[in-house]
*Asks:* 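This is the structure, below, for whatever I ask next.
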Amino acid sequence: MRICLSLVTQSGCGAHNADDARFCRGCGSGLRNALQLRNAGEQVGGYTIEALVGHGGYGAVYRARGVIDGREQVVALKEALEPAAAEISAMRSEFATLRGLAHDNLPRYHAMFEAEGNGYLVMEYVPGLQLDEARERYAGERVPVSVALAYAGQLCAVLEYLHGQRPPVYHRDIKPQNVRLTELGQIKLVDFGLLKVGGSGVQSSRRGATPPYAPLEQWQAGSGQSEARSDVYALAATLYRLMTGRLPVVAPERMAVTVDPLPPAHAVCAAVPAALGQALAAGMALRKEDRPATVRAFWQLVSGVAVESAAAPAPGAQAVANPNVTRVVSRPPAPTVRRDRAGAEYVWVPAGAGLAGFWMLRTPVTNAMWRAAVQAGAVKQPSDTRAYNDAAKTQHPVVWVSREQARAYATWVGGRLPRDAEWTRAAQGDDGRTYPWGEQPPDATRANFNNNVSTTTPVGSYPAGASPYGLLDMAGNVWEWVEPDGGGDRPFIVRGGAF
């Protein structure tokens, strides 16, 4: 296909045209210097293109299908559209840096290859929304402050991981368009085309940062090399955009006048506490010496701000209380997705309603998870093993285990059972809703209820029924055990099975 976007002037209406089109069907412009992209069904390097995900003047990303680790799967295929040897060399450097990284908030990088003069990166395909698309789903195109802070926690966690590498890895192009949000509320930081490793020069598979989010040192020669503070600026600018709905004033325009034309976030949006607006302003200081020196220092500024409501749900996330399965709790330095010793995923439920914040297992404990604990000698098999031994039900919630055994499992993974009040708040939030997803009556898209399936279903089968914090299966499917006596004080909460 030919995209109406000139590679010379970077202008055009963006319409898609046939490969042999001479003039754009949208605006009539000539397509002599248009962006030439691949069509669905084409093959390159052993991968079959399924759809175009996005593009710019220097690259494109496709959803494709190919064999990874011996099995066919969907991948994201990033194509560098400038065939110069330097561009391909930069992409190889990008892959060499990223392929060894492993973090819940990063996509996996599978391979890099060259075909027909262009370079290609093969990455994990992350379905979901860009944060800018998520922002547009809220009234006024402003993400609720509590939700934006939950995103911030995940971004701070992954940036701290990157900056903690030896040598450190700096992203240098953080913006809402480079942050993906999955249907489970998990953040994935993508597009490292401007990454920098330690004190080296920029390893770039494309040129130029995004103006509203770029700190001054990425604009002006002689302003100093990029470092952790550069990513802090872009992160603060991203949060400013999410919370206010307004693009930040670009750094050179701010520098050119005596009075900074960038209003603080709390002056633009009354829902932003003044202390939080001041924290964002510190992160977006023009002189990098005036910004927090590390991502952790920036997170300490923004996370210490009291927010009136932490119950606003992220787009696509919604799950209700059944007091009898096992979920587990751990207090973090920043809210993000965490995993326990069995590899199970936890989400952060923030403080509120008289309760401290805690980590809670996203789904009920599955038969597969329980089997790992049995093999470790931590728990016994369920009293009725028919479902437990059914090969088709490894991802179904474990059933027919006692509260004592659920406690033993929780201890094994380093946590405890939820208190009743914790379970209820995780399921229903703070806004008085009847169900995790709101007030709509249960239906077959939100929960397994009223014997409408006649058996249990795999955990996580009803993303439309998620709780305000992204917990799944908290309505229907099975009952879950809680601690009527309050349990211990370990902050990891586990969910078990039906009893």
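Predicted, not measured: the structure shown is a model, and the values here were computed from it.
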*Asks:* Apply side chain to side chain contact (heavy atoms under 4.5 Å, CB included) to the pair Y469 and M360, showing each step before the final yes or no.
*Replies:* CA-CA 10 Å; Y469 309 109; M360 195 164 190; over 6 Å; no

*Asks:* Can you list the residues that meet the side-chain contact (heavy atoms from CB on, under 4.5 Å) rule with A297, with sequence neighbours excluded?
*Replies:* P292, T294

*Asks:* Is a salt bridge present between E124 and R180, judged by a nitrogen-to-oxygen distance below 4.0 Å?
*Replies:* no

*Asks:* Would you confirm whether N105, through its side chain, and I187, through its main-chain N or O, come within 3.5 Å as a donor-acceptor pair?
*Replies:* yes

*Asks:* What's the separation between atom CG in L472 and atom CG in L361, rounded to the nearest 0.5 Å?
*Replies:* 10.0 Å

*Asks:* Under the 3.5 angstrom rule, does the side chain of R135 hit a backbone N or O of E141 as a donor-acceptor pair?
*Replies:* yes

*Asks:* Going by the rule side-chain contact (heavy atoms from CB on, under 4.5 Å), which residues pair with R371 if we only count those two or more places apart in sequence or in a different chain?
*Replies:* Q375, Y388, N389

*Asks:* Could you tell me whether the side chain of H171 reaches within less than 4.5 Å of the side chain of N178, counting heavy atoms only?
*Replies:* yes

*Asks:* Closest heavy-atom contact between D473 and G460?
*Replies:* OD2-N, 2.8 Å

*Asks:* Answer yes or no: is there a donor N or O on one side and an acceptor on the other, between the side chain of N367 and the main chain of Q395, under 3.5 Å?
*Replies:* no

*Asks:* Does R108 CZ have over 12 foreign heavy atoms under 6.0 Å away?
*Replies:* no

*Asks:* For E133 and Q130, work out which heavy atoms get closest and say how close.
*Replies:* OE1-N, 2.8 Å

*Asks:* Kindly compute the distance separating CH2 (W299) from CG (L149), expressed to the nearest 0.5 Å.
*Replies:* 6.0 Å

*Asks:* Quick one: does R229's side chain have a donor or acceptor within less than 3.5 Å of a partner on V295's backbone?
*Replies:* no

*Asks:* If you look at every heavy atom in R142 and T244, which pair is closest and at what distance?
*Replies:* NE-O, 2.9 Å

*Asks:* Could you grab the distance from atom CG of L159 to atom CD1 of I174, nearest 0.5 Å is fine?
*Replies:* 4.5 Å

*Asks:* Working note: S230 + E217, criterion side-chain hydrogen bond (donor to acceptor under 3.5 Å, both in side chains); need CA distance, chi angles, decisive distance, verdict.
*Replies:* CA-CA 8 Å; S230 305; E217 58 267 25; 2.7 Å; yes

*Asks:* With side-chain hydrogen bond (donor to acceptor under 3.5 Å, both in side chains) as the test, would you mind laying out the steps for T457 and N477 before giving the verdict?
*Replies:* CA-CA 7 Å; T457 50; N477 214 15; 3.3 Å; yes

